[in-house]
Amino acid sequence: MKKPKHIAIIMDGNGRWAQERGLKRSEGHLAGAQTVRTVLSECVRHEIPHVSLYAFSTENWNRPQEEVNYLFTLFCEFTNKELPLMLKEGIRLNVIGEKSNLPLATRKALDYAIKKTAKGTNTELTLALNYSGSQEIIQAARKSAYESLCSPENLERIIKAAQNEATLKKEFARIFSETDYTEANLRKHFFYPELPDPDLIIRTSGELRLSNFYLFQAAYSELYFTDVYWPDFSALDFKLALDVYANRKRRFGKIDV
Ligand code: IPE
Ligand code: IPE
Ligand code: MG
């Protein structure tokens, strides 16, 4: 059976799950954490080498402060509490996204777990925290342009042309037309360049969008949407997604032979 090497999951529907039960949104997030545990074990059981979980988008800062605070406390507590499970299951933790403005306690818990799980050889879990697909592309483009401008050869040309505005502009035009702005060069500056693109992207809760997740990397991903809210997403639902994936025909622009 064809199996994805990398599954990326947009864990959505915690809030609605809670609201429909007359509970607080935070209780939905807590229930969602239980699903994370289930899905991680299933990834190991099905020998999926990479799983990415979209846990917090840069847009999620726009939620009420109380919910944001709750989420970061939950990430921190979950990481600490599930460390033994990750070690037992051979899960290696990795985080993508802008770490610098995460609460210190969350960053510390994550860094500790990343270090402790570094030798895990089963499934690698990439947690997308404070992540934005568009920002990832923008910062990579910026870094890649800066890198080429700063090559010794280009710097020398720029310095020589610097006295004259017209010559300098011409030199920049030359640099930008001759520089190898390739996909590979851009990818080098992504959060985790070595991570293979997701073969399968799962989104729960019935929403049919990517919400800024893996915009570049999703170019040829198979998309799977289910109406199930994340807290209700079970091992069986996970298996169903794998079965659907196994029957998809991936062509990558070619034709079937
Ligand atoms: C996903 O569930 C969890 C995060 C975005 C952190 P939501 O909180 O978005 O749940 P809904 O979409 O409001 O139901
Ligand atoms: C996407 O869910 C982000 C995460 C799952 C972390 P949202 O609930 O934030 O997405 P939108 O706002 O419905 O698009
Ligand atoms: Mg949502």
Side-chain angles (χ1 to χ4, degrees), residues 6-40 42-43 50-82 93-103 105-107 109-110 125-137 190-192 195 198 200-218 221-234 237-238 241:
H6 179 189
I7 302 179
I9 307 181
I10 303 170
M11 311 180 287
D12 199 14
N14 294 350
R16 277 162 287 167
W17 180 92
Q19 270 151 10
E20 284 181 12
R21 284 162 180 76
L23 303 169
K24 287 190 287 193
R25 291 181 59 86
S26 59
E27 291 175 273
H29 295 312
L30 189 63
Q34 177 62 50
T35 306
V36 172
R37 200 171 300 145
T38 306
V39 164
L40 286 179
E42 288 308 300
C43 285
H50 305 277
V51 61
S52 293
L53 298 179
Y54 198 12
F56 194 87
S57 71
T58 51
E59 290 76 20
N60 287 145
W61 290 109
N62 298 319
R63 294 189 177 199
Q65 189 65 44
E66 194 191 331
E67 180 167 348
V68 172
N69 290 347
Y70 180 84
L71 280 169
F72 282 106
T73 308
L74 182 64
F75 298 146
C76 186
E77 282 174 2
F78 182 83
T79 310
N80 290 333
K81 212 172 126 218
E82 298 310 323
L93 176 67
N94 178 46
V95 177
I96 56 168
E98 192 46 60
K99 267 201 214 166
S100 60
N101 52 339
L102 297 185
T106 309
R107 242 185 307 159
L110 290 168
L125 161 62
T126 299
L127 207 59
L129 257 188
N130 197 15
Y131 175 86
S132 153
S134 49
Q135 279 309 315
E136 180 174 48
I137 297 168
F190 283 176
F191 287 115
Y192 184 9
L195 186 66
L200 171 65
I201 297 181
I202 297 175
R203 183 171 189 148
T204 56
S205 90
E207 305 299 350
L208 309 178
R209 54 179 172 264
L210 289 175
S211 300
N212 214 355
F213 193 33
Y214 279 156
L215 296 187
F216 197 94
Q217 298 86 335
S221 303
E222 293 297 323
L223 307 178
Y224 178 84
F225 298 104
T226 169
D227 286 341
V228 176
Y229 292 143
W230 179 247
D232 286 332
F233 191 76
S234 66
D237 293 314
F238 183 78

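Side chains included, hydrogens not; waters and symmetry mates left out as well; all remaining heavy atoms used. Whatever order the structure lists ligands and atoms in, that order sets their numbers, starting from 1. In this chain, residues are counted from 1 in sequence order.
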Per-atom contacts, ligand 2 versus F56 - under 4.0 Å to a heavy atom: 6 (C)
Specify side chain, backbone, both or neither for R25, according to which of its non-hydrogen atoms lie closer than 4.0 Å to ligand 1. side chain
Closest protein heavy atom to atom 10 (O) of ligand 1, given as residue, atom name and distance to 0.1 Å: G15 N, 2.9 Å
Any idea which heavy atoms bring S134 and L215 closest together, and the distance? N-CD1, 3.7 Å
Atom 12 (O) of ligand 2 protein-contacted (non-hydrogen atom, under 4.0 angstrom): no
Regarding ligand 2, does S211 bring an N or O atom to under 3.5 Å of one of the ligand's N or O atoms? yes
Checking side-chain polar atoms at under 3.5 Å, does S52 have a donor or acceptor matched by the opposite partner on Y214? yes
Kindly confirm whether the Mg ion (ligand 3) is within less than 2.8 Å of some N/O/S atom in D12? yes
Taking non-hydrogen atoms only, is A55 closer than 4.0 angstrom to ligand 2 via side chain, backbone, both or neither? backbone
Can you sort out which atoms of ligand 1 are near N60, meaning under 4.0 Å from one of its heavy atoms? 5 (C)
Against heavy atoms of R209, which atoms of ligand 2 measure under 4.0 Å? 11 (P), 13 (O), 14 (O)
From Y54 OH over to D12 CG, what is the distance, rounded to the nearest 0.5 angstrom? 10.5 Å
Between F213 and ligand 2, find which residue part has any heavy-atom pair under 4.0 Å and reply side chain, backbone, both or neither. neither
In this structure, does ligand 1 have an atom that sits under 4.0 Å from one of the heavy atoms of G13? yes
Do the rings of F75 and F72 sit parallel, tilted or perpendicular, given the 30° and 60° boundaries? perpendicular
Need the ligand 1 atom indices (1-based, order shown) with element for anything under 4.0 Å from a heavy-atom of R16. 11 (P), 12 (O), 14 (O)
To the nearest 0.5 Å, atom CH2 of W230 lies from atom OG of S205 at 11.0 Å
Report the nearest protein non-hydrogen atom to atom 8 (O) of ligand 1: residue, atom name, distance rounded to 0.1 Å. R63 NH1, 2.7 Å
Determine, for E66 against K24, whether the closest basic-nitrogen to carboxylate-oxygen distance falls under 4.0 angstrom. no
Should you measure from each heavy atom of H29, which atoms of ligand 1 turn up under 4.0 Å away? 3 (C), 8 (O)
Any idea which heavy atoms bring N14 and G32 closest together, and the distance? OD1-CA, 4.1 Å
The single option from Q19, E20, R21 that satisfies side chain to side chain contact (heavy atoms under 4.5 Å, CB included) with W17 is R21
Heavy atom to atom 2 (O) of ligand 2, shortest distance: which of E59, R203, M11 holds it? R203
On a heavy-atom basis, which atom in E98 and which in N101 lie closest, and how many Å separate them? O-OD1, 3.5 Å
Trace of the side chain to side chain contact (heavy atoms under 4.5 Å, CB included) decision for Y70 with L30: CA-CA 10 Å; Y70 180 84; L30 189 63; 3.5 Å; yes
Proximal atoms of ligand 2 relative to D12 (non-hydrogen, under 4.0 Å): 2 (O), 8 (O)
If we only count heavy atoms from C-beta on, is the S234 to T38 side-chain gap below 4.5 Å? no
Taking distance alone, with no angle check, do N14 and ligand 1 share an N/O pair under 3.5 Å? yes
Checking heavy atoms under 4.0 Å, the part of E20 that sits near ligand 1 is neither
